[in-house]
Amino acid sequence: MPELPEVETIRRQLALTLPGRTVVDSWAFDHPKFTPASESVGGHIHEVRRRGKYLLIEITRPDGPHELIIHLGMTGQLRTEAAEPGGVGGVGGGPRDPYDRARFELDDGTVLAYRDVRRFGRIAWTPRGHYDGHPTLAALGPEPFDHALDGAALWAALRGSRRAVKTQLLSQRPVAGVGNIYADEALWIARIRPAARTVTRPQAVRLLEAIRSVLSAGIEHGGTTLRDYVDAQGRSGENQHHLLCYGRGGKPCIRCGEPLRHGVLDGRGTTWCRTCQR
DNA sequence: CGATTTCCCTGGCCGC
DNA sequence: TGCGGCCAGGGAAATC
């Protein structure tokens, strides 16, 4: 599932090619989650940004500056396809892959293809910075690498709720961009029980360090590919080979040797060590 | 308002 | 080989 490291990997790649281009044509799967893609036609691309797991492509149209908001959900892929030598062009005809949900043709002939088998992702079009219709994005917590965020700030944010600490992380409110994989990894490294409803200040400090550590590693390794994730060039990530906890239920904890537990917490599969996460 | 529940989706996997 | 049943799970909407 694409989380911050996966989205950031794609963002960095798209930031090299999209700025300066104009969207000349588009096609979108006939569903409200994807049809806003067509609004971008005629727009000029300025910048490719990211907030949490949301990709924000700044596009100016004659009626003003906008953002094309793209969330990859569970199985979303965003890939650039080189211009075809013959100049076939024209994405208006429809998808090239049965699971394409949107396609954007740019003025240099390249095509940006959005593929999402399970349709958990979504595409939105909004005036720049206007997130009223997007509750999670509007209430998104600070970027994990924001210098203004420190252990004390995370502690304060977590103290505002009595929900399980992992559930709070997945809500995107204490900090943006952490999903199921990196949440399990960070909590294991910080030695915090995912179901804990309160954390101490030292624990919050450790947790933020752990979050930054696992997200950095994820970016360095080009993201985690368990099944669907590929980058903008269609390549798999390598971070799945560096996971210490997620997906290792029943296998010995690397720290203490006890078998890792696997269960369901607030509806999400969760792996943790009952011995060294307290 | 915050917490909780439901729903959206379909490929892959398991057991028979 | 075929098939029913179940699982994965981020986020939005509905409900409490």
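Each chain gets a letter, A, B and so on, in the order its sequence line appears, and its residues count up from 1.
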With the threshold set at 4.0 Å, does a side-chain nitrogen-carboxylate oxygen contact exist between [X] and [Y]?
X	Y	answer
A/Arg49	A/Glu67	yes
A/Arg50	A/Glu8	yes
A/Asp184	A/Lys166	yes
A/Arg115	A/Asp97	yes
A/Arg103	A/Asp100	yes

*asked:* Under 4.0 Å, heavy atoms only, any strand: does A/Ser171 hit a base, just the sugar-phosphate, or nothing?
replied: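 Since no nucleic acid heavy atom lies under 4.0 Å of A/Ser171, the category is nothing.
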
*Which part of the nucleic acid, if any, lies within reach of A/Gly73 when heavy atoms closer than 4.0 Å are counted: base, sugar-phosphate only, or nothing?*
nothing

Can you tell me if [X] touches the phosphate of [N], counting only side-chain N or O atoms and a distance under 4.0 Å to OP1 or OP2?
X	N	value
A/Tyr54	C/dG10	no
A/His31	B/dC9	yes
A/Tyr246	C/dG9	yes
A/Gln172	C/dG11	yes
A/Thr75	B/dC9	no
A/Lys33	C/dG11	no

Check: [X] side chain, [N] base, donor-acceptor under 3.5 Å:
X	N	result
A/Arg163	B/dG2	no
A/Arg119	B/dC9	no
A/Arg118	C/dA8	yes

_Nearest-neighbour nucleotide for the A/His71 side chain, C/dA8, B/dT10, C/dG10 considered_ =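 The listed nucleotide nearest to A/His71's side chain is C/dG10.
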
*Could you check which of B/dG11, C/dA8, B/dC8 has an atom nearest any side-chain atom of A/Val117?*
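Closest nucleotide to the A/Val117 side chain: B/dG11.
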
*A/Arg162 or A/Arg227: which one's nearest nucleotide on DNA chain B is closer to the 5' end?*
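That would be A/Arg162.
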
*To the nearest 0.5 Å, what is the distance between CZ (A/Arg128) and CG (A/Leu56)?*
10.5 Å

Could you state the [atom1]-[atom2] distance from [X] to [N], rounded to the nearest angstrom?
X	N	atom1	atom2	value
A/Tyr99	B/dT10	OH	C1'	7 Å
A/Leu226	B/dC13	CG	P	13 Å
A/Leu170	C/dA8	CG	P	14 Å
A/Asp116	B/dC9	CG	P	11 Å
A/Ile181	C/dG9	CD1	P	8 Å
A/Arg173	C/dG10	CZ	C1'	16 Å
A/Asn180	C/dG10	CG	P	5 Å
A/Met74	B/dG12	CE	P	14 Å

*Compare the ring of A/Phe120 with the six-membered ring in the base of C/dG9 and state whether they stack (centres under 5.5 Å, planes under 30°).*
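Aromatic stack with C/dG9 present for A/Phe120.
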
